[in-house]
There are 2 protein chains.
Amino acid sequence: MMEIDTLDRKILRELQSDADQSLEEIGARVGLSRNACWRRIRQLQEAGIIRKRVALLDPDKLGLGLTVFIQLRAAHHRPDWLEFFARTMKDMPEIVGAYRMTGDLDYLVQARVADMADYDRLYRQIIARIELSDVSASFVMEEIKETTELSL
Amino acid sequence: MMEIDTLDRKILRELQSDADQSLEEIGARVGLSRNACWRRIRQLQEAGIIRKRVALLDPDKLGLGLTVFIQLRAAHHRPDWLEFFARTMKDMPEIVGAYRMTGDLDYLVQARVADMADYDRLYRQIIARIELSDVSASFVMEEIKETTELSL
DNA sequence: AGTGAAAGATTATCGGA
DNA sequence: TCCGATAATCTTTCACT
């Protein structure tokens, strides 16, 4: 485990909000030389605190305007059911989140699709592949907040 | 609106999964010169299809090991209630997602906290600030999938 | 921790398919 | 219009103080 001080946190905040900044810029913002910054960032990467850098795309502009949360119940407890479920979720690119919740048979799945017709296709795929005792969907009317930035 | 072809999509896929790659690498992967890549990426940025680049951090290593989904019901329909709610959500850094769902009074909120005690603090903050008719929380036992990559 | 220089990446411009 | 090449500029990286 690595210890993170106030300066590391400042750097992380910058990188979480915009990873395009040069070391010079980040240094200026956090009050450190470009080099001191670089060394800290490298350490944070090596420690796995910075997992990776990615581009965030606009779902609407890519025709993925509908977000849906799907609540599922497993058909039964079986050692391999969860493994198969996990694999299937990872296989389906529309699915952006899948969580096993408290209450052992309950799963919450978040997906991004084009529209209702597209959701229907996804729904059919899911029920065709996975044994479920219950499925119910709620649709997002308005995205009030969605961020990858963690509280530091 | 900009039209996106197969090569753009390939580039977007690369950038979604790893934005640290050099233009040379991306070019090699998609079968384009580093230059052609650069031009396409710039266009995609200008069109807002690439929103930004960010660093993704490891929540566990930052002491945010507990994810919770909170279901809320608004106390009433009022023009300014939603606005205040939205502002409050954006203000609270533990909250990583907030969605108004079908069923007009229903909201789903995703938060990342350290542990149950920390969730309790968040819960108290929420009910202190916002008028709600109902609040219920479900905790994530296992994160099966969570990605920022959109289906292209 | 900071300086400076080498290596590497990005950006702009140009001529050609 | 879009490609690839070349060249100028800016960034990252690293040895040294």
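In what follows, every chain begins at residue 1, and chains take the letters A, B, ... in the order their sequences are listed.
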Atom-pair distance (CD1 on Ile11(B); C1' on dC2(D)), nearest Å: 13 Å
Heavy-atom side-chain proximity of Ile144(A) to Arg100(B) below 4.5 angstrom: yes
Tyr99(A) and Glu146(B) side chains, donor-acceptor separation under 3.5 Å: yes
Taking every heavy atom of Asp8(A) against every heavy atom of Glu3(A), the minimum-distance pair comes out as OD2-O, 3.9 Å
Identify, with sequence neighbours excluded, every residue that meets side chain to side chain contact (heavy atoms under 4.5 Å, CB included) alongside Thr148(A). Leu56(A), Val54(B), Leu56(B), Thr148(B)
For Lys52(A) and Glu149(B), the nearest pair of non-hydrogen atoms, with its separation, is NZ-OE2, 3.8 Å
Nucleotide range of DNA chain C contacted by chain A, 5' to 3', under 4.0 Å to a heavy atom? dA1(C) to dA5(C)
Trp81(A) and Tyr107(A) aromatic ring geometry - parallel, tilted or perpendicular at 30°/60° bounds: tilted
Could you pull out all donor-acceptor pairs under 3.5 Å where a side-chain atom in residues 82-94 of chain A meets a protein atom, sequence neighbours excluded?
residue	atom	partner	partner atom	Å
Thr88(A)	OG1	Phe84(A)	O	2.7

Quick test of your reading: applying ring-ring contact (aromatic ring centres under 6.0 Å, His included), list the pairs with at least one residue in residues 23-67 of chain B, sequence neighbours left out, ordered by first then second residue. none
What residues in residues 33-56 of chain A put a non-hydrogen atom under 4.0 Å from any atom of DNA chain C? Ser33(A), Arg34(A), Asn35(A), Ala36(A), Arg39(A)
Mind listing the closest non-hydrogen atom pair of Arg112(B) and Leu64(B) along with its distance? O-CD2, 3.7 Å
Can you see which heavy atom on Cys37(A) is nearest to which on Ile26(A), and at what distance? SG-CG2, 3.9 Å
Near DNA chain C, under 4.0 Å by heavy atom, which residues of residues 22-30 of chain B? Ser22(B), Leu23(B)
